[in-house]
Amino acid sequence: MSHEKRGLEFYLLAIFFIVFVLFLYGPLSAILILSFQGPDGGLTFPMNGVSTHWFFNLFEKQAVGDFGASFRRSLSLGLMVMVVTVVVSLLAGLAFRRRFRGSTVLFYATVASLVVPSIIVSLGIGVVFQEGGLKPAWYSSAFGAHLTWTLPFGVLIMFAVFNRFSPAYEEAARDLGATSWQTFRHVVLPMIAPSLIGVGLFGFTLSYDEFARTLMTSGTYNTLPLEIYGMTTNVTTPVLYALGTVTTLFSFTIILIALGIMTMLSRRQAKTD
């Protein structure tokens, strides 16, 4: 059996993909490996023994940095942003299914923050809070700053979902005597549930990892990205790498859980169809 000869474009794309993977996962792999340094290990190769010492050291009192509190703040902020992003994106998707006066202006105003530099948004919100006599905090000003980042993505996703959504399902439900709420609860919501989970996951991860829009808006207490950045100039042990490994595994765990839920809902929806 003869095989078609691959062209030069294939090999160029293959090389580009390999370089991309190395650039993406190379530093992550280095951090993962160095987090298992021995008790006397440093921040660079070669490794001085292998142990889990620095993972246990995370739970001890640190001379610099507060891992536990900053993680709880980032987790709480991410969950708050996730909930609001899902609810507002869903309502926006439902509202924009029909044209209304000012819809075009509202749409562009919503997505405009995507093209504004994040540090400018952070600086502007911080200045507004200070001029208004309010103290910036992670649960107020940073919360709003993160929503300017997550909401446009959530709205765009829901627009795409509802553009592919056939109104025939709703018409069939109404023909069978269902009310508007019953149609939404038992027809629309189950069908778009995987997309809503995706929006929630997207909103959470964008907020959990956000640095620039938090820099000027978090107030006195740091979120985890700010804490890690502040520690890069002070911490001289692999405990920082251990923290990076733990937070990365936490992020991947959240993603896997969300994917599992989405797969389960998709299979359930396929059975009902």
Side-chain angles (χ1 to χ4, degrees), residues 20-21 24-25 27-29 31-32 35 55 58 67-68 70-94 96 110-111 113-114 118 138-139 142-165 169 184-214 223-225 227-228 242-273:
F20 171 75
V21 171
L24 181 63
Y25 292 104
L28 184 62
S29 301
I31 289 176
L32 176 64
S35 64
F55 290 95
L58 277 174
F67 301 142
S70 59
F71 170 75
R72 288 191 294 272
R73 284 191 286 270
S74 285
L75 179 61
S76 301
L77 181 58
L79 292 175
M80 290 163 56
V81 171
M82 178 186 71
V83 172
V84 174
T85 300
V86 169
V87 173
V88 175
S89 298
L90 173 60
L91 295 177
L94 292 172
F96 275 84
T110 302
V111 301
S113 64
L114 294 179
S118 296
W138 64 269
Y139 52 81
F143 176 59
H146 284 204
L147 287 178
T148 64
W149 182 233
T150 61
L151 277 178
F153 286 107
V155 169
L156 290 174
I157 292 172
M158 293 313 300
F159 281 2
V161 170
F162 281 114
N163 280 338
R164 297 178 300 166
F165 190 86
Y169 297 106
F184 173 76
R185 170 66 179 82
H186 298 289
V187 178
V188 178
L189 189 58
M191 296 182 71
I192 65 173
S195 300
L196 289 177
I197 294 174
V199 169
L201 176 63
F202 203 32
F204 177 83
T205 52
L206 286 177
S207 173
Y208 181 75
D209 297 327
E210 180 59 22
F211 174 82
R213 298 193 186 221
T214 319
T223 58
L224 189 58
E227 195 74 18
I228 293 175
L243 176 61
T245 300
V246 170
T247 55
T248 301
L249 292 177
F250 173 76
S251 299
F252 278 122
T253 301
I254 295 296
I255 293 173
L256 290 175
I257 292 174
L259 289 176
I261 295 174
M262 292 172 65
T263 302
M264 180 183 66
L265 290 175
S266 298
R267 290 178 178 176
R268 182 179 300 178
Q269 184 64 34
K271 290 180 180 179
T272 57
D273 292 342

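Because the structure is a prediction, the values reported are computed rather than measured.
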For Phe153 and Leu114, what are the C-alpha separation, side-chain angles and deciding distance, and is it a side chain to side chain contact (heavy atoms under 4.5 Å, CB included)? CA-CA 9 Å; Phe153 286 107; Leu114 294 179; 3.5 Å; yes
Test side chain to side chain contact (heavy atoms under 4.5 Å, CB included) on Thr223 and Ser70; report intermediate values, then the result. CA-CA 5 Å; Thr223 58; Ser70 59; 5.9 Å; no
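- Here the CZ atom belonging to Phe71 is positioned 5.0 Å from the CG atom belonging to Leu75, to the nearest 0.5 angstrom.
- Counting only heavy atoms from C-beta outward, the side chains of Phe202 and Ile157 approach each other to under 4.5 Å.
- Screening residues 73-86 for side-chain hydrogen bond (donor to acceptor under 3.5 Å, both in side chains) gives Thr85-Thr150 as the qualifying pairs, with residues at least two apart or on separate chains.
- In terms of heavy-atom proximity, Leu206 sits nearest to Trp149 at CD2-NE1, 3.5 Å.
- Distance check, rounded to the nearest 0.5 Å: CD1 of Ile261 to CD1 of Ile197 gives 5.5 Å.
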Walk me through whether Phe204 and Val81 qualify under side chain to side chain contact (heavy atoms under 4.5 Å, CB included). CA-CA 6 Å; Phe204 177 83; Val81 171; over 6 Å; no
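- The two atoms that bring Leu201 and Ala258 nearest to each other are CD2-CB, 3.7 Å, heavy atoms only.
- Note that CD1 of Ile192 is 7.0 Å distant from CZ of Phe165, once rounded to the nearest 0.5 Å.
- Between Ser207 and His146 the shortest heavy-atom distance is OG-ND1, 2.8 Å.
- Under the 3.5 Å distance criterion, the side-chain polar atoms of Ser29 are matched with a main-chain donor or acceptor of Tyr25.
- The side-chain hydrogen bond (donor to acceptor under 3.5 Å, both in side chains) pairs that include a residue from residues 246-264 number zero, where partners must be two or more places apart or lie in different chains.
- The minimum heavy-atom distance between Gly200 and Met82, with the atom names listed, is O-CG, 3.1 Å.
- Taking the centre of each ring, Phe96 and Phe162 stay at or above the 6.0 Å mark.
- Ring-centre distance between Tyr139 and Phe143: not below the 6.0 Å cut-off.
- The shortest non-hydrogen separation linking Ala92 to Val155 is CB-CG2, 4.1 Å.
- Taking each heavy atom of Gly154 and Val199 in turn, the nearest pair found is CA-CG1, 3.9 Å.
- Between the CD1 atom of Ile31 and the CG atom of Leu243 there is a distance of 10.0 Å, given to the nearest 0.5 Å.
- In this structure, Ser113 contributes its side chain and Thr148 its backbone to a donor-acceptor pair below 3.5 Å.
- Atoms CG and CE, from Asn163 and Met158 in turn, are 10.5 Å apart once rounded to the nearest 0.5 Å.
- Relative ring orientation between Tyr208 and Phe250 is described as tilted, the plane-to-plane angle lying within the 30° to 60° band.
- In this structure, the side chain of Ser89 does not engage the main chain of Val86 through any donor-acceptor pair within 3.5 Å.
- Here the straight-line distance linking atom OG1 of Thr110 with atom CZ of Phe159 works out to 7.0 Å at 0.5 Å rounding.
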